[in-house]
Each structure stands twice: as C-alpha cells, then as structure tokens.
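A short write-up of the structure that comes next.
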Amino acid sequence: MTLQMRAPAPSAALHESPSMTSPAAPLVRFRDVRKNFGALAVLKGIDLDVAPGEVVALIGRSGSGKSTALRCVNGLEKVDGGELTVCGRALHSGTVDLRELRQDVGIVFQSYNLFPHLTAEQNVTLAPRKVKRIGKGEARDLAAEVLAQVGLADKAQSYPEQLSGGQQQRVAIARSLAMHPKLILFDEVTSALDPELTGEVLKVIERLARGGMTMMLVTHEMAFARSVAHAVVFMHQGKVWESGKGEMLAHPQTVELRQFVGNGL
Amino acid sequence: MSYEFDFSFLDEYLPDLWHGIWLTLGMTTASILPGFALGTLCAVGRLYGPPWARRAVVIYVEGIRNTPLIIQVFWLFFGLAVLQVRIGPFAAAVIALVINVGAYTAEIMRAGFLSIPKGQIEAASCLALKPSQALWSVQLPQAVERVYPALVSQFVLMMLATSIMSQISAEELTGVAYMIQSFTFRGFEVYLVIAVIYLVMASLLRLTLLGVAQVSFPRRRRLGTPL
Amino acid sequence: MLGLTIEQIAYLFRGAGWTIVLSLLGFVGGTLLGLPVALARSSQSRLARALSGVLVQVVQGIPLPVIMFVVYFGISIGGFDVPALVAAGVAMTLYAGAYLGEIWKGCILAVPRTQWEAGECLALTSTQRFVFVILPQALRIAVPPTVGFLVQIVKNTSYSVVINFFDLTYSAKVINNSTFRPFTVFTIAALIYFAICFPMSLLASRFERRLHRG
Ligand SMILES: Nc1ncnc2c1ncn2[C@@H]1O[C@H](COP(=O)(O)OP(=O)(O)OP(=O)(O)O)[C@@H](O)[C@H]1O
Ligand SMILES: [Mg+2]
C-alpha cells in the first residue's frame with residue numbers, strides 16, 4: 001500500500017554507505033543481548049548494529065521480542081546479559097545515566113502518550129525547557145521548527161484531544177525531535193491509526209529518514225519497511241532470525257520469514 | 001400552635017452577622033491552600049516516598065479520618081493552652097482545619113495520581129525529565145484536574161465544619177448565632193437565618209472554586225471537557 | 001491512671017455509650033428516611049426527583065451543628081421541653097437520611113438499564129421488578145459505601161456537643177474542664193472514637209475491594 005509512496009530511490013543505496021563503507025562506530029550495538037521477564041526468556045542473544053544515519057526496521061510476530069529490544073535501547077528495560085552500547089554508552093554496565101542517554105535517544109509510542117493538559121507547543125517544549133533550560137523565546141522558535149517538520153505548524157495551540165490520531169502521533173514525533181536526539185525509536189507508531197492517517201505519519205518518518213535521522217522502528221507495514229529501511233531485521237522467538245536489505249522480504253531464506261511475509265502481504 | 005415568628009433581630013444584629021460571615025469565610029480561605037498543599041505532599045509521600053514516609057502518612061490519614069474534627073480541635077486548642085502557647089482561636093481553628101482537610105485531600109489526590117495512565121510517566125521519563133519534574137509538570141496538573149470536583153466538595157464540607165469553631169470561642173457565624181439567640185431568645189428564627197446563610201455560602205464557595213478551575217486549567221477553559 | 005481517676009475514665013466510657021446510642025439512632029432514622037429519598041431521587045416522576053433533590057441539597061449545604069440547633073429550638077417552640085437526645089436523634093436522622101439517600105440513589109442507578117428491561121420481559125410489575133431484580137443488585141453495590149458512611153455518622157454525632165448532648169465528646173470536655181489534662185483526656189477520647197471507626201473503615205474498604213474483584 002505504501003510501497004508507491006516514494007520511488008525506490010537511489011537514495012536507498014546512498015544511505016547504505018554509512019553502514020557499508022564508513023568505519024563510523026555504530027550508534028547502537030547489540031552483542032548477544034539477553035533479557036528475561038522472570039522465567040520467560042524474551043531476548044535470547046541479539047546481535048544488531050545501527051550505524052549513524054541508518055534506518056533499521058524490526059519485524060516479526062507478536063511476542064517475538066521487538067518492543068523489548070527497542071525498549072532496551074533507551075534503558076526502559078535493563079539487559080540481563082551480553083553487551084548493548086548506545087551512543088557510546090555501555091548500557092550493560094548498569095552505570096549509565098539514563099537521563100543523559102535519553103537526551104540522545106528519543107522514542108515514539110503506539111499510544112502517542114501526549115500530555116493531555118498541554119498544547120502541542122507545550123508538549124513539544126516541555127522537555128527542552130526543563131531539561132535543557134532553554135528560554136521562552138527560543139522554545140517558541142523550536143516548537144515552530146519541529147512542528148513545521150511534521151507539517152503541523154498551524155496546530156501549535158491545539159490540545160491533543162483537538163487533534164486526529166495521526167496529528168497526535170506527529171506531535172509526538174515533533175516532541176522527540178525537539179530534543180535534537182541522535183537516534184529515534186518508533187514502536188508500532190501507526191498500529192492505532194486508520195489507514196488514511198497511517199499514511200501521513202509514515203510520510204513524516206520517511207522524510208526524517210531522507211534527512212539522515214538514525215532510526216529503529218518496529219512496524220507491521222511491510223511495504224514501508226521494504227522501501228524506507230536500509231536494513232530489515234526479522235525477529236523470531238527472541239532471536240534475530242534473518243536480516244538484510246529490504247529485498248530480503250521478497251526472497252525469504254527461512255521458512256519462518258516466508259510464512260510471516262506470506263501472511264503479512 | 002400559635003407561635004409568632006419574629007425576625008426583628010436581623011436589624012439590630014446585622015453587623016454581628018456580617019462579622020461572623022467574614023470570619024467563617026476567612027477561616028475557610030486561609031485553610032484551603034495549605035490544606036491542599038499538605039494533602040498533596042502526603043499523597044506524594046504515600047505513593048513515592050521511602051517506607052517510613054508511607055507509614056507516617058498512613059497513620060496520619062487514618063488517625064484523622066477516624067476521629068471527629070471537634071476532638072482534634074479540642075486536643076490542639078486546649079493542649080496549646082496548657083503548654084502556655086497563646087495563638088488565639090482563629091489560628092488554632094485554621095491549623096486544625098488544615099491538618100484535618102489535609103488527610104482527606106491526601107486520599108483524594110492519591111486517587112488522582114493513581115488514575116494517570118502509566119504511559120504518561122513513561123513518556124516523561126523518556127524525555128529525560130527528572131522524576132520530580134515529571135511529578136510537577138506532568139502528574140500534578142493532571143491529577144488535580146481529574147479530582148477537582150471531589151476537592152471542591154471536600155472544601156465545601158470544610159467550610160461547613162468551621163461551624164464548630166465557636167466551641168473554642170472563635171466568633172464565626174454559628175458562634176454569632178448563639179450570642180444573638182441568647183440575647184433575643186429567638187433561637188429557632190436565628191438558626192433558620194443562619195442555615196440559609198450557610199446554604200448561600202456553600203453555593204457561592206462551590207461556584208467560586210469552579211471558577212478558579214476555569215482560570216487555572218487553560219485546557220478546561222478552551223474546551224470545557226473533563227480530562 | 002494517667003492522672004485520671006477510675007470514675008473519670010468510667011465517665012468517658014459512659015459518654016462513649018451514648019455516642020453509640022446516638023449513632024444507632026442516626027443510622028436507623030437515616031435508613032428510614034434515606035430509603036424513600038433514594039427511591040424518589042431515582043424515580044420516574046420529575047416532581048419526586050426535584051423535591052427529594054431539594055431536601056438533599058439543603059441538608060448537605062447546612063452544617064450539622066446548625067441542623068442540631070434548628071431542630072432543638074424548632075421542637076421547643078411547640079412548648080415541649082426536648083431532651084437533647086431527641087433533638088440530636090432527629091438532626092442525625094435528617095443528616096444521615098440525605099446522605100444515605102444520595103448514596104443509595106447512586107447504587108440503584110448503577111444497576112445496568114438492561115436489567116430493568118430484562119425484568120420487563122418477564123412480565124413483572126414495576127414494583128416486582130424493583131424488589132426482585134434491581135434491589136438485590138443495588139444492595140450488593142450499596143454495602144461498602146454504607147459501611148463507610150457509618151464512620152461518618154459516628155464521627156458526626158460529636159457535633160451534638162453544641163446542644164449539650166451527653167456523648168463522648170461532651171464527657172471529654174467536662175473531664176478536661178475539671179482536670180486540665182487536655183492531651184490525656186482528648187487522646188483517650190480520640191482513641192475510643194478510633195476504636196469504633198477504624199474497624200468499620202477497614203471493613204468498608206475490604207467490601208469495596210471484594211466488590212471490584214467479584
Ligand atoms: N514487562 C513485562 N513483564 C513480563 N513479560 C513481558 C513484559 N513485557 C513483555 N513481556 C513478554 O515478553 C514477550 C515479548 O514481548 P514484546 O512486547 O517484546 O513483543 P513484541 O514483539 O513487541 O510483540 P507485539 O507485536 O505484540 O508488540 C511477550 O511474551 C510478552 O508477554
Ligand atoms: Mg510490541
């Protein structure tokens with residue numbers, strides 16, 4: 001459905017260059033990462049790199065551990081084993097200042113989680129003002145800038161309940177952008193939206209990708225993953241089962257991925 | 001029954017009535033904000049504080065909520081007198097009211113904090129806000145807005161409860177009424193009038209507090225919808 | 001003991017006995033008044049709803065001590081010499097009736113509409129429907145807030161001190177006047193109130209939790 005949104009552009013190849021050729025250290029580096037919830041092993045040794053400027057899509061069945069992997073990246077979940085390095089910080093060491101980490105790593109949730117008592121502008125500027133202590137005027141400029149980036153310059157004074165689901169999700173993206181993060185995580189950000197609204201959110205994410213933003217996204221939009229992501233990671237039973245470029249979805253190597261795309265497309 | 005109603009005391013004692021009304025309203029307004037602050041602090045302590053703080057809040061809240069206000073007032077007022085602390089009935093009344101309403105407010109605010117979806121707190125912490133910043137800017141405004149009607153009822157009840165403060169010789173409205181009836185022997189009429197005045201004051205206080213909400217919750221002013 | 005004589009402590013407990021008597025009066029009277037109020041508040045008739053609504057609003061907007069005074073002086077203008085117990089009992093009845101009526105109205109309305117319709121399908125008269133279908137369910141919902149309100153009744157009987165009814169608060173005041181030991185006397189009084197109220201508070205929240213689970 002969203003495959004036609006953007007011509008399978010040469011930019012995809014262009015974007016691959018950071019991860020392929022440049023020796024730049026990855027922003028995110030999973031090495032044999034393990035995570036248990038009680039007796040339940042949810043991540044059973046994940047290896048995964050995300051280079052600066054790269055867009056990585058995580059796909060897989062419900063319960064395969066996609067969200068958990070993503071939430072480990074900004075410290076919402078602690079890893080139980082292996083090594084996880086994010087923006088140069090060794091999260092497995094347990095000594096990382098999460099507030100510092102989260103200034104570099106934004107996250108957008110399926111349920112938006114906008115602050116209902118604040119306008120779009122206030123939602124966007126709350127963290128920059130409290131955490132980075134920017135002034136009122138600067139905050140207003142910042143809000144105007146990031147809201148324009150998601151196409152909502154005219155909604156600055158609206159409250160979340162006055163916005164459609166798609167608009168709310170775009171404000172949530174703007175809220176992350178306002179912290180000028182090095183990396184943004186997206187967890188099924190369109191799953192709660194109608195198809196029409198899904199499109200407008202995906203367009204925003206795609207524009208960010210083209211702008212060089214590093215992103216990890218959990219998604220069920222296979223066509224989108226295939227066209228926008230530089231790398232697709234198929235997770236199954238807490239492991240990276242298969243990974244590669246978007247084309248991998250057209251030529252699955254494993255039975256599990258074949259079944260998964262078979263159902264999904 | 002040939003009882004003749006006689007409201008002529010109204011003329012003579014009008015200034016006293018006004019005085020009583022002002023004292024009642026003064027006690028009430030002086031107690032609202034400190035009582036709210038105390039209650040909110042206790043709610044936060046109960047929810048997020050260290051174990052000793054949680055236990056202390058539980059003891060305070062249950063102790064106050066399971067004993068009558070008058071006993072608390074007597075304990076404080078006569079106790080202070082024995083300790084030779086002279087603060088006067090008005091101050092003693094306000095302190096007792098704050099301590100009393102703080103316990104009820106703590107329970108209301110706790111419910112308010114608990115009703116906020118987890119995702120809100122998670123979102124705040126993912127934006128690198130400190131827990132204290134999240135509490136102040138994200139949780140507190142939402143909690144207050146959610147439980148505001150209950151808070152209003154609580155403060156109206158508190159206003160009505162000031163009527164026992166004449167027991168410690170604070171000359172609030174009910175105390176003035178007692179004085180008038182002891183001079184005029186028109187107890188029934190006097191207390192009927194007083195009852196009507198309280199009814200009016202209760203409605204006005206309710207309206208005022210709802211008006212305060214319109215000013216302090218900009219979202220409510222614009223949209224008029226509950227959170 | 002604690003600077004009080006045995007007689008003085010016994011006096012406090014005698015007051016506590018009258019507190020319980022007045023509480024029971026308030027609860028029984030409040031139930032007798034509260035039931036019709038609840039029915040009227042949830043009835044089809046607009047007039048019944050309005051009248052009972054006014055009663056509730058008025059009682060809830062007047063301090064209980066003032067209600068005590070109004071009743072006390074109101075009865076005595078008929079030329080009767082009223083015992084304080086009667087005045088306090090009537091005032092507690094009015095007070096408890098208004099609040100219980102409002103609480104129970106909420107419980108009746110909390111029974112889903114579909115239950116009324118189900119009753120209709122069984123060809124029951126509206127009285128039968130109410131008694132056999134709605135009431136049992138409303139009662140179940142009503143238990144926790146009613147027990148919770150008992151605590152309010154017990155605490156608020158202390159307001160009868162304004163018309164010099166001899167209860168726990170009054171007896172504590174008297175003992176304090178003669179001993180000047182406010183901390184001892186009022187702490188004992190508070191503990192007695194607490195001993196009566198706290199178990200009921202616990203019971204109310206236990207019922208509440210059970211209701212939410214079940
Ligand atoms: N906080 C938690 N406590 C206990 N178990 C959890 C917790 N979070 C997730 N799990 C379990 O871990 C497993 C993986 O969950 P996860 O949310 O990572 O899956 P997912 O791949 O994101 O699935 P979905 O597509 O449904 O979102 C599931 O079995 C889930 O029940
Ligand atoms: Mg998930």
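Here is how names work: the chains are called A, B, and so on, in the same order as the sequence lines, proteins then strands, and each is numbered from 1. The model shown is predicted, which means the values in this text are computed figures rather than measured ones.
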Proximity breakdown for A:Leu101 and chain B, heavy-atom pairs closer than 4.5 Å: neither
Atom group of A:Phe115 that falls short of 4.5 Å from chain B, counting heavy atoms: both
Chain A contact via B:Gln120 - side chain, backbone, both or neither, heavy atoms under 4.5 Å: both
No-hydrogen, no-angle side-chain donor-acceptor test under 3.5 Å, B:Asn100 and B:Gln72: yes
Heavy-atom contact with chain B under 4.5 Å, split by part of A:Glu161: side chain
Selection from A:Ala178, A:Pro116, A:Ala127 maximising heavy-atom pairs under 4.5 Å formed with chain B: A:Pro116
Contacting moiety of A:Glu100, where chain B heavy atoms sit under 4.5 Å: neither
Under 4.5 Å from any heavy atom of chain A - which part of B:Leu223: side chain
Full working for side chain to side chain contact (heavy atoms under 4.5 Å, CB included) between B:Ile197 and B:Val200: CA-CA 5 Å; B:Ile197 297 177; B:Val200 172; 5.8 Å; no
Toward chain A, the part of B:Arg220 with a non-hydrogen atom under 4.5 Å: neither
A:Glu138 and A:Arg129 ion-paired at < 4.0 Å: no
Side chains of B:Ser125 and B:Glu122, donor plus acceptor under 3.5 Å: no
Over 12 non-hydrogen atoms of neighbours within 6.0 angstrom of OH in B:Tyr178: no
Stepwise side chain to side chain contact (heavy atoms under 4.5 Å, CB included) test for B:Ile21 and B:Glu172: CA-CA 7 Å; B:Ile21 290 173; B:Glu172 40 70 35; over 6 Å; no
Contact class of A:Val108 relative to chain B, heavy atoms under 4.5 angstrom: neither
Interface residue of largest heavy-atom contact number with chain A, from B:Pro117, B:Pro141, B:Ser137, B:Ala124, under 4.5 Å: B:Ser137
Distance-only polar pair, side chains of A:Tyr112 and A:Gln167, donor-acceptor under 3.5 Å: no
Largest heavy-atom contact set with chain B, pairs under 4.5 Å, which of A:Gln103, A:Met179, A:Gln162: A:Gln162
Residue pair B:Thr174 / B:Tyr198, side-chain donor-acceptor N/O under 3.5 Å: yes
